Protein chains: 2
Amino acid sequence: MLIGELAQRSGVPAKTLRYYEEIGLLRPPARSASGYRDYVDEVIDRLAFIKSSQALGLSLGEIRSVIAMREDGDEPCGHVLQLLVDRAAEIDRTIRDLRALKAELRLLVDRAKSLDPADCDADRVCHLIGPP
Amino acid sequence: MLIGELAQRSGVPAKTLRYYEEIGLLRPPARSASGYRDYVDEVIDRLAFIKSSQALGLSLGEIRSVIAMREDGDEPCGHVLQLLVDRAAEIDRTIRDLRALKAELRLLVDRAKSLDPADCDADRVCHLIGPP
DNA sequence: GTAGACATTCCAGTGTGCTGGAAGGTCAAG
DNA sequence: CTTGACCTTCCAGCACACTGGAATGTCTAC
């Protein structure tokens, strides 16, 4: 399978496939006599794994670490589970932060209703933002 | 006030101050005979505004648009309010997305408990990730 | 034999908000 | 008069995941 066909079938652009190879996400495939990459069907599974992992918010570096374990003949399950748990914790933190931010924004938007634009202080650019 | 002192007093590194000037967040200050930047005290207010805006998640581009209005002699309040409302909506969307992601992660982590690493399929890298 | 649809490599850029470093000029203290 | 702390400009790079384009080679069909 040439790179264009793999791109078609996997939905991953050829450019990206070469990039994945470069950063170690895909093993360098066999080459035809003329130097064309010749992929086996299994890379479609691998690309599906990469896409699913990305959708969960894993970075290509993390995904690579999982793939590397698998290539080394190790069972990546434990490592993957840890990544998923870590990611969940990070999402919790992010949600907490965003909620706090949203609360502050709501506060400012509410305050805006009781502020007169005519009182807006040029030195502070706009009185809607910043300490009251 | 030289750039070093402003950096000290505002907590914004000198390098960043020059960068802000370059991208139009700070007006180019007066220069001493030897070419040193000579800041007036008011930029401290402006930097405070920038920091507050950043803390709310506004980009430097958005902040610049607000400052530009103010420099043009316009009242930025309406624009600022819109930015805040937009930002709040964006945060809502992000939180929704993250919650969905967290739910999926929880699902996968739960499923992991009932899966045997020994069944992990090498072709799919790890059976903890991806369709069941 | 030639068009055009593929493939190759390599270099460089995207966006965001800085940060580092080199090469040089200036200023105050000793 | 020198030392060291400041300042200047300019060029380059970080992280992240690609993406674009140039220059070149190859394969298939007509």
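A note on names: the letters A, B, ... follow the listed sequences, proteins ahead of strands, and every chain is numbered from 1. All of these numbers come straight from a predicted model, not from anything done at the bench.
In this structure, CG of L6(B) is placed 10 Å from P of dC7(D), rounded to the nearest angstrom. The distance from atom CD of E5(A) to atom P of dT28(D) is 13 Å, rounded to the nearest whole Å. Between the CG atom of L17(B) and the P atom of dG20(C) there is a distance of 14 Å, rounded to whole Å. Across the protein-nucleic acid pair, L47(B) atom CG and dG17(C) atom C1' stand 15 Å apart, rounded to whole Å. Atoms CD (Q8(A)) and C1' (dC6(C)) sit 12 Å apart, rounded to a whole Å. Remark: C1' of dA22(C) and NZ of K15(B) are 10 Å apart, rounded to the nearest angstrom. Summarising the geometry, the separation between CD on E22(B) and P on dT19(C) is reported as 14 Å, rounded to the nearest angstrom.
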Verify side chain to side chain contact (heavy atoms under 4.5 Å, CB included) between H127(A) and D119(A), making sure each step is shown before the conclusion. CA-CA 8 Å; H127(A) 61 352; D119(A) 298 337; 4.3 Å; yes

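Over its full length, the helix from dG1(C)-dC30(D) to dG30(C)-dC1(D) turns its helical axis through 40°, comparing axes from the five pairs at each end and rounding to 10°.
For R37(B) and E21(B), the salt-bridge test passes: some basic side-chain N is under 4.0 Å from an acidic carboxylate O. R46(A) has a carboxylate O that lies under 4.0 Å from a charged side-chain N of E71(A), or vice versa, which qualifies the two as a salt bridge. Using a 4.0 Å cut-off between charged nitrogen and carboxylate oxygen, K102(B) and D92(A) count as a salt-bridge pair. Look at R93(B) and E90(B) and you find no salt bridge, because none of the NZ, NE, NH1 or NH2 atoms lies under 4.0 Å from a carboxylate O. Between E22(B) and R18(B) there is no salt bridge, since no side-chain nitrogen of the basic residue lies less than 4.0 Å from a carboxylate oxygen of the acidic one.
Using a 4.5 Å cut-off on side-chain heavy atoms (C-beta onward), Y20(B) and L47(B) make contact.
Here R31(B) reaches the OP1 or OP2 of dT9(D): one of its side-chain N or O atoms lies under 4.0 Å away. Between dG25(D) and Y36(A), no contact under 4.0 Å exists linking OP1 or OP2 to a side-chain N or O. Applying the 4.0 Å criterion to OP1 and OP2 of dT19(C), one finds that T16(B) has a side-chain N or O inside that range. Under 4.0 angstrom from either OP1 or OP2 of dA17(D) there lies no side-chain N or O belonging to Y20(A).
Ranking dT8(D), dT8(C), dC18(C) by closeness to the Y19(B) side chain, first place goes to dC18(C). In this structure, the nucleotide among dT19(C), dT8(D), dT19(D) sitting nearest to the side chain of R18(B) is dT8(D). Among dC18(C), dC10(D), dT8(C), the nucleotide with an atom closest to any side-chain atom of I3(A) is dT8(C).
Residue-level contact check: I23(B) touches neither bases nor backbone, having no heavy atom under 4.0 Å from any strand. Within the nucleic acid shown, R37(A) comes within 4.0 Å of sugar-phosphate atoms alone, with no base atom in reach, counting heavy atoms only. Using a 4.0 Å heavy-atom distance criterion, S59(B) is classed as a sugar-phosphate-only contact.
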Between side-chain atoms of residues 57-68 of chain A and protein atoms elsewhere (two or more places apart, or another chain), which donor-acceptor pairs fall under 3.5 Å?
unit_1	atom_1	unit_2	atom_2	d
S59(A)	OG	G61(A)	N	3.4
S59(A)	OG	E62(A)	N	3.1
E62(A)	OE1	S59(A)	N	3.0
R64(A)	NH1	I23(A)	O	2.6
S65(A)	OG	E62(A)	O	2.5
S65(A)	OG	H79(A)	NE2	2.9

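Where L58(A) and A14(B) meet DNA chain D, the nucleotide closest to each residue was compared, and A14(B) sits on the side nearer the 5' end. Both Q54(B) and S34(B) lie close to DNA chain C; mapped to their nearest nucleotides by heavy-atom distance, the more 5′-ward contact belongs to Q54(B).
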